[in-house]
Amino acid sequence: VVTADVVEGTIEDPLLIKGVVSPGTVMGIMPDAPAGVEAVVTGVPVAVGQTVAAGGVLIEVSDRPVILLTGEVPLLRDLRIGDRGEDVARLQTALSEWGAPFADGIFGAATARAIRTLYDAAGYSATTDAVALRSELVFAPSPTARVVAVGSALGAPAASPLIRVAISPPNVTAEVSEAVANRLVVGQTVHVSGAGIGGEQAGTISRMDGLGKSDDGAYRVPVQVVVNDSLPAASVDRPVQITVPPVDSERGLLIPLAAVFADAKGGTFVRLLDGGKQQRVTVTVAETGGGQARVNTLALAVGDRVVVGVG
């Protein structure tokens with residue numbers, strides 16, 4: 001007869017979730033087309049996966065650049081010398097690296113010089129009167145953007161969105177059932193592993209959305225994980241495994257799951273070995289995991305031996 005000791009402890013069974021590396025926060029960019037000009041892609045200076053810093057050219061449309069600047073709000077109008085307002089102040093803040101003055105909200109000669117300096121650095125010429133054009137200056141809330149997709153090929157009409165960029169590092173996403181979601185909380189520490197990310201990294205659940213219908217028709221909860229170290233852009237779309245360490249559970253009597261038997265009425269019991277004889281003891285299984293069961297009964301104690309199988 002094969003037996004096992006009754007011990008005291010907690011169930012420790014990590015939760016394993018299949019995930020994938022996602023690009024991060026992605027935004028589409030579609031600058032306004034200049035009036036009277038057919039919007040055709042005439043240059044694609046960056047490749048998918050490449051990172052562009054503020055002041056860099058994302059794409060060229062009708063022989064004119066689309067330049068990335070840092071800011072939360074896009075240009076609401078074309079701006080020129082003499083214009084005033086909050087939008088001018090935002091533009092001046094974005095142009096500080098190229099010599100724009102203190103953001104006083106007045107578009108003067110110094111702001112115009114900053115526009116020209118920006119265009120010169122990008123390899124283009126600004127308009128004669130240094131107008132800040134909505135068709136050429138686009139804004140993203142981060143100082144760098146990673147190209148995720150280009151909407152139109154070279155020589156094709158500009159499609160919307162013209163270009164899609166990621167404005168945050170790659171993260172890990174997964175879709176889980178409602179039952180699994182109930183075991184997760186935002187801020188929970190997890191471990192992410194996979195060949196595409198070079199091994200294992202620690203991370204944190206950063207976001208959980210509401211229950212929604214997935215592409216396959218099942219209802220699931222989207223989960224987002226941010227890892228402690230930046231994931232390489234090459235890891236995007238690679239599969240990973242998310243391991244959620246067990247949350248401390250209630251302590252109790254633990255026995256091998258194989259020592260729990262079921263009767264014809266659906267009850268559960270164990271076979272206690274006492275003085276060389278087997279005694280049937282009714283138990284209630286509180287939880288299982290890792291090949292163990294935590295059972296509730298007053299008829300067992302730590303150190304008792306239960307039958308696991310017949311050897």
Side-chain angles (χ1 to χ4, degrees), residues 19-34 39-79 87 90-91 93-98 100 114-115 118-119 121-124 126 132-173 196-197 203 206-207 209 222 224-227 229-238 240:
V20 66
V21 179
S22 298
T25 303
V26 175
M27 64 177 291
I29 292 176
M30 186 63 192
D32 287 355
V40 174
V41 175
T42 52
V44 184
V46 293
V48 171
Q50 186 174 342
T51 297
V52 180
V57 178
L58 290 170
I59 201 165
E60 184 186 275
V61 178
S62 303
D63 295 323
R64 297 296 299 166
V66 175
I67 300 175
L68 177 69
L69 290 176
T70 305
E72 298 281 350
V73 182
L75 282 180
L76 304 178
R77 55 176 174 154
D78 291 342
L79 297 174
D87 52 354
R90 289 192 293 266
L91 174 65
T93 298
L95 290 172
S96 60
E97 183 179 341
W98 295 274
I115 290 283
L118 170 70
Y119 274 78
Y124 291 83
L133 296 170
R134 296 176 64 191
S135 61
E136 298 184 9
L137 301 181
V138 296
F139 291 77
S142 63
T144 60
R146 189 177 67 259
V147 178
V148 174
V150 178
S152 299
L154 184 66
S160 180
L162 182 58
I163 193 167
R164 289 170 59 83
V165 297
I167 55 175
S168 69
N171 54 37
V172 173
T173 57
I197 64 171
S206 59
R207 178 176 174 176
D209 294 332
Q224 178 176 293
V225 173
V226 175
V227 297
D229 297 324
S230 296
L231 294 171
S235 67
V236 171
D237 293 332
R238 299 292 295 274
V240 293

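The figures here come from the full heavy-atom set of this structure, side chains too, leaving out hydrogens, waters and symmetry mates.
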Evaluate the side-chain contact (heavy atoms from CB on, under 4.5 Å) criterion for residues R207 and D209: first the C-alpha distance (whole Å), next the side-chain angles of each, then the deciding distance (0.1 Å), finally the verdict.
CA-CA 7 Å; R207 178 176 174 176; D209 294 332; 2.8 Å; yes
Given T42 and E60, is the side-chain hydrogen bond (donor to acceptor under 3.5 Å, both in side chains) satisfied, shown in steps?
CA-CA 5 Å; T42 52; E60 184 186 275; 2.7 Å; yes
Give the intermediate values and the outcome of side-chain contact (heavy atoms from CB on, under 4.5 Å) for residues V165 and M27.
CA-CA 6 Å; V165 297; M27 64 177 291; 3.7 Å; yes
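A donor-acceptor pair under 3.5 Å is absent between the side-chain atoms of E136 and the main chain of L133, judged by distance alone. A donor-acceptor contact shorter than 3.5 Å links the side chain of R134 to the backbone of L75. Side-chain N or O atoms of R90 include none that pairs as donor or acceptor with a backbone N or O of E72 at under 3.5 Å. Judged by distance alone, with hydrogens and angles left aside, the side-chain atoms of S152 form a donor-acceptor pair with the main-chain N or O of P157 at under 3.5 Å. In terms of modelled atom types and a separation under 3.5 Å, the side chain of S168 and the main chain of T25 share a donor-acceptor contact. A donor-acceptor pair is defined here as one N or O able to donate and one able to accept, closer than 3.5 Å; no such pair exists between the side chain of T173 and the backbone of Q224. With S62 contributing its side chain and R64 its backbone, the two residues share no donor-acceptor pair below 3.5 Å. A donor-acceptor contact shorter than 3.5 Å is absent between the side chain of D87 and the backbone of L76.
In this structure, L118 and L137 have side chains that are in contact, with non-hydrogen atoms separated by less than 4.5 Å. Annotation: side chain of I59 is in contact with side chain of V150 (closest heavy-atom distance under 4.5 Å). Contact check for P161 versus I163: no side-chain heavy atoms found under the 4.5 Å cut-off. Inter-residue side-chain proximity for W98 and I115 is flagged as unmet; no heavy-atom pair is nearer than 4.5 Å. Residues V236 and P23 have side chains in contact (heavy-atom distance under 4.5 Å, counting atoms from C-beta outward). The shortest side-chain heavy-atom distance between T144 and V52 does not fall under the 4.5 Å cut-off. V172 is listed as a side-chain neighbour of L231, based on a closest heavy-atom distance under 4.5 Å. A heavy-atom distance below 4.5 Å is found between the side chains of V61 and V66.
When all heavy atoms of F139 and A94 are compared, the closest pair comes out as CE2-CB, 3.7 Å. The nearest pair of heavy atoms linking A153 to V41 is O-CB, 3.6 Å. Taking both residues in full, the closest heavy atoms of V21 and P170 are given as CG1-CB, 4.0 Å, listed atom of the first, atom of the second, then distance. A pairwise comparison of heavy atoms in G151 and A159 identifies O-CB, 4.0 Å as the closest pair. Closest approach of M30 and A158 over heavy atoms only: CE-O, 3.9 Å. Between A149 and V48, the closest heavy-atom pair is CA-CG2, 4.2 Å.
Among residues two or more places apart in sequence or in another chain, the side chain to side chain contact (heavy atoms under 4.5 Å, CB included) test is passed with P74 by none.
Around CZ of R77, the count of heavy atoms belonging to other residues, nucleotides or ligands within 6.0 Å exceeds 12.
Separation of atoms OG (S160) and CD1 (I29) is listed at 11.5 Å; rounding is to 0.5 Å. Rounding to the nearest 0.5 Å gives a distance of 7.5 Å between OG of S142 and CG of L68. Distance check, rounded to the nearest 0.5 Å: CD1 of I67 to OH of Y119 gives 4.5 Å. To the nearest 0.5 Å, the span separating CG on L162 from CG on L58 amounts to 8.5 Å.
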